[in-house]
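To start, the structure under review is shown below, and the notes come after it.
Residue indices begin at 1 and follow the sequence shown.
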Amino acid sequence: MIGRLRMENSRRIGATVSTPLIPRPAVQHKGPGRSEREYRRWCLARRLFINPLNDAGPFDIAARDVMMLPSITVVGLDGGPGPPPVIAYFNLIKQEYAAARFAGWEGLTASGVHFADRGVQVYNTLDYPAVGFAVERLKMAFRGAYSIFDKVAFCLNTYLGLGHPERQVSFRNLWFVKGRGKALHPNLDGLANWPLRGLFWLSKDMFENDSKDVIEPDAQAIYELRNHLEHKFVSVHDMFPRAVSISPSPETAPGIFDLSFEDLAARTGRQLKLARAAIMYLTLAIHAEERRREAERPPGASLPMSWS
């Protein structure tokens, strides 16, 4: 890891940190194995790679998550050795998204009975339930994608020094001063950072009990689905047998969110796309902020520093 120490004045030191990459096998286009090729084709077709080239189309060269953070400038060395926290946050956000994306692919493309389901005995609740490994993987993908947004907010709260308490940071309230309604945070007011503004408008698609002014019509239903996945129950059913059945389905028990497999798949796909957009906006917003900080920093001496 290479850094540059900038002497801003006799008592303040800014370190520009460029972190090394963790060695991983290179991606050979869509991968050598059949499963990997199918997975990467699936991601490319849905534009799920963290790569601007994937927006242009399902091209092999876009089948990798290449967007990274810029060199990060920190003032002072009070944080101790190692890179600033934003780099660790970004690593975790990106890896968790990749895991959620893969879980979504597994859930949507699974066929037959998975070996993990063999010997797992469950009741027939007479409402054409869809149960098994594929359904649970899809639920995991939805939860993983939905969790990305608050983690992006936590990352920005630290990086931009917004000062929200750790337990009170969310993607919806990040932008405002606590206790002052919709008063924009002074650290954000007038900030000419277009990717950050993109994140702000993306947050308008998220419903919360204390933030109900949303743009997305399905936002409340998605919020309820996530709440039931985390704290209650979600029952998935086969759409076609229920649609053609002449027998009425039993009433849904309290605490159960009932939806078809097709609806769960569509909502999971939507959350994955929104999570991808949030990560890309986050990356671009930090790039823009680092350029702004560099332009406003007074000129000073610099010297190379090896950081390993």
Side-chain angles (χ1 to χ4, degrees), residues 1-19 67-97 147-204 206 208 210-211 275 277-300 302 305 307:
M1 186 179 340
I2 304 299
R4 296 196 311 276
L5 288 184
R6 294 183 176 277
M7 303 295 295
E8 295 190 349
N9 55 46
S10 61
R11 303 181 65 180
R12 295 170 66 84
I13 299 177
T16 303
V17 181
S18 178
T19 58
M67 290 189 71
M68 300 291 287
L69 297 179
S71 297
I72 305 295
T73 299
V74 294
V75 177
L77 301 176
D78 294 338
V86 64
I87 295 175
Y89 297 157
F90 181 78
N91 272 351
L92 294 169
I93 288 170
K94 195 173 184 181
Q95 191 64 65
E96 288 177 20
Y97 167 77
S147 72
I148 294 295
F149 304 106
D150 283 347
K151 292 174 183 179
V152 166
F154 191 97
C155 179
L156 286 172
N157 184 54
T158 300
Y159 174 69
L160 297 173
L162 301 182
H164 294 295
E166 286 188 11
R167 293 179 177 269
Q168 298 175 21
V169 180
S170 78
F171 196 49
R172 283 305 305 266
N173 70 19
L174 173 74
W175 319 97
F176 308 109
V177 179
K178 183 175 176 58
R180 293 180 54 190
K182 297 301 180 183
L184 196 63
H185 196 287
N187 288 19
L188 304 176
D189 193 10
L191 197 61
N193 188 320
W194 296 108
L196 195 62
R197 296 186 185 194
L199 275 173
F200 171 79
W201 285 106
L202 186 62
S203 74
K204 293 292 187 180
M206 312 300 292
E208 289 184 2
D210 56 352
S211 300
I279 296 170
M280 293 178 70
Y281 278 139
L282 172 68
T283 308
L284 294 171
I286 293 177
H287 273 273
E289 176 64 11
E290 286 299 316
R291 288 195 298 270
R292 184 191 69 81
R293 293 178 180 181
E294 178 69 21
E296 294 181 356
R297 188 175 300 115
S302 64
M305 179 181 68
W307 199 332

_For a side chain to side chain contact (heavy atoms under 4.5 Å, CB included) check, start with the C-alpha distance between Phe90 and Thr283, then their side-chain angles and the critical distance, and finish with the verdict._
CA-CA 9 Å; Phe90 181 78; Thr283 308; 3.3 Å; yes

_For Phe171, run the ring-ring contact (aromatic ring centres under 6.0 Å, His included) check against Phe149, Trp201, Phe176, Tyr281 and tell me which one passes._
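In the set Phe149, Trp201, Phe176, Tyr281, the residue that makes a ring-ring contact (aromatic ring centres under 6.0 Å, His included) with Phe171 is Phe149.
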
For [X], which residues count as a side-chain hydrogen bond (donor to acceptor under 3.5 Å, both in side chains) partner, sequence neighbours excluded?
X      : answer
Glu166 : none
Glu96  : Lys151
Lys94  : none
Arg197 : none

Do [X] and [Y] come close enough that some side-chain heavy atom pair is under 4.5 Å?
X      : Y      : answer
Leu174 : Val152 : no
His287 : Leu69  : no
Ile279 : Ile93  : yes
Leu162 : Val169 : no

Quick check: does any side chain N or O of [X] sit under 3.5 Å from a backbone N or O of [Y], one acting as donor and the other as acceptor?
X      : Y      : result
Asp150 : Ser147 : no
Asn193 : Ala285 : yes
Arg172 : Lys204 : no

_Closest approach of Pro84 to Ile72 (non-hydrogen atoms, all atoms of both residues)_ =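 Result for this residue pair: CG-CG2, 3.8 Å.
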
*Which residues satisfy the ring-ring contact (aromatic ring centres under 6.0 Å, His included) test with Tyr97, sequence neighbours excluded?*
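Tyr97: no ring-ring contact (aromatic ring centres under 6.0 Å, His included) contacts found.
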
_Leu199 vs Trp175, test: side chain to side chain contact (heavy atoms under 4.5 Å, CB included). Steps then yes/no._
CA-CA 10 Å; Leu199 275 173; Trp175 319 97; 3.7 Å; yes

*Run the numbers on Leu196 and Glu289 for side chain to side chain contact (heavy atoms under 4.5 Å, CB included), then give the verdict.*
CA-CA 9 Å; Leu196 195 62; Glu289 176 64 11; over 6 Å; no

Less than 3.5 Å apart, which donor and acceptor atoms pair up between the side chains of residues 154-161 and the rest of the protein, not counting sequence neighbours?
residue: Asn157; atom: OD1; partner: Gly163; partner atom: N; Å: 3.4
residue: Asn157; atom: OD1; partner: His164; partner atom: N; Å: 3.0
residue: Asn157; atom: ND2; partner: His164; partner atom: O; Å: 3.1
residue: Thr158; atom: OG1; partner: Phe154; partner atom: O; Å: 3.3
residue: Tyr159; atom: OH; partner: Glu290; partner atom: OE2; Å: 2.6

